[in-house]
Amino acid sequence: MKQKLLAGFLLLTVCVGMLCAAFATEPDALPTAWPRTEDEILAWQAKIDEMEREMGPRVTWSLEDKARMFEGYGLPTADEITEEEAVRLAKEALQKQYGVSGEVLATFTAYSFFVVSDPGLRFYAISFFTDPTGRGNIPYSVEISSDGTILHIYTTSNG
């Protein structure tokens with residue numbers, strides 16, 4: 001039950017996209033700000049639903065909106081890569097690692113957070129949705145450090 005809730009939470013909030021498999025087996029690996037109990041997960045999803053009613057689909061929210069509304073997310077500093085650069089690097093990594101064409105990438109909607117919940121760990125978590133509203137499948141998610149290093153690539157086939 002706990003694994004299903006955790007996997008559901010990660011998919012619904014798309015904090016780090018495909019991390020659900022890793023975190024389902026090692027829940028202590030979750031960043032400290034992320035909800036862990038069923039009540040916390042339901043409260044998190046209720047907050048996202050409320051924000052979507054007020055601000056529109058989550059894929060349209062700025063990094064500033066996410067940083068203001070969610071503990072554990074923040075903004076990059078001037079010496080860290082921008083969100084646009086992170087998305088560009090993520091797409092390049094998908095092309096190189098999995099041969100995803102530019103044509104296919106153009107059909108995806110990128111959704112990113114800048115994660116700052118643990119000391120010394122600052123990275124972009126970028127999920128690529130098949131639906132422009134952010135409710136579709138997530139075939140790929142990429143974590144990129146604040147200096148532009150690709151940390152992880154997750155696909156629906158590798159969790």
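The first residue in the sequence is number 1, and the count goes up from there. Bear in mind the structure is a predicted one, so any value in this text is a computation, not a measurement.
Across all their heavy atoms, Ala90 and Ile144 have their closest contact at N-CD1, 3.6 Å. Nearest heavy-atom pair, Ile153 versus Ala93, reported as atom, atom and distance to 0.1 Å: CD1-CB, 3.8 Å. Listed here is the closest heavy atom pair of Ser141 and Ser127: OG-OG, 2.8 Å. The two atoms that bring Thr130 and Pro139 nearest to each other are CG2-CD, 3.7 Å, heavy atoms only. Closest heavy-atom contact between Ala110 and Ile126: CB-CG2, 4.2 Å.
Leu121 places none of its side-chain heavy atoms less than 4.5 Å from the side chain of Ser145. The shortest side-chain heavy-atom distance between Phe114 and Ser146 falls under the 4.5 Å cut-off.
Cation-pi check for Lys91 over Phe108 is not met; the charged atom does not lie both under 6.0 angstrom from the ring centroid and within 45 degrees of its normal. Taking the centre and axis of the six-membered ring of Phe113, the NZ or CZ atom of Lys66 falls inside the cone set by 45° and 6.0 Å.
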Steps toward side-chain contact (heavy atoms from CB on, under 4.5 Å) verdict (Tyr73, Arg68): CA-CA 8 Å; Tyr73 300 107; Arg68 187 180 72 250; over 6 Å; no
So Tyr154 and Ile138, side-chain contact (heavy atoms from CB on, under 4.5 Å) or not? Walk me through it. CA-CA 10 Å; Tyr154 301 93; Ile138 308 166; over 6 Å; no
Derivation and outcome, side-chain contact (heavy atoms from CB on, under 4.5 Å), residues Val100 and Tyr140: CA-CA 10 Å; Val100 181; Tyr140 302 100; 3.3 Å; yes
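Applying the salt bridge (charged side-chain N to carboxylate O under 4.0 Å, His left out) definition to pairs two or more places apart or across chains, those involving residues 122-132 are Glu80-Arg122. The stretch residues 144-155 participates, sequence neighbours left out, in no salt bridge (charged side-chain N to carboxylate O under 4.0 Å, His left out) pair at all.
Rounding to the nearest 0.5 angstrom, the gap separating the CG atom in Asp65 from the CE atom in Met51 is 6.0 Å.
Applying the side chain to side chain contact (heavy atoms under 4.5 Å, CB included) test to Lys96 and every residue at least two apart in sequence or in another chain returns nothing. Considering only residues two or more places apart in sequence or on other chains, Glu52 meets the salt bridge (charged side-chain N to carboxylate O under 4.0 Å, His left out) condition with Arg58, Arg135. Under the side chain to side chain contact (heavy atoms under 4.5 Å, CB included) criterion, Thr60 pairs with Pro57, sequence neighbours left out. By the salt bridge (charged side-chain N to carboxylate O under 4.0 Å, His left out) test, Glu92 is found to be paired with Arg88, residues two or more places apart in sequence or in another chain being considered.
Within the 3.5 Å criterion, the main-chain N or O of Leu94 finds no donor-acceptor partner in the side chain of Gln97. For Tyr111 (side chain) and Trp61 (main-chain N/O), no donor-acceptor pair under 3.5 Å exists by modelled atom type.
Glu64 and Ser62 form a side-chain donor-acceptor contact under 3.5 Å, judged by distance and modelled atom types alone.
When each of Phe128, Tyr124, Phe123 is tested with Val142 by the rule side chain to side chain contact (heavy atoms under 4.5 Å, CB included), just one qualifies, namely Phe128.
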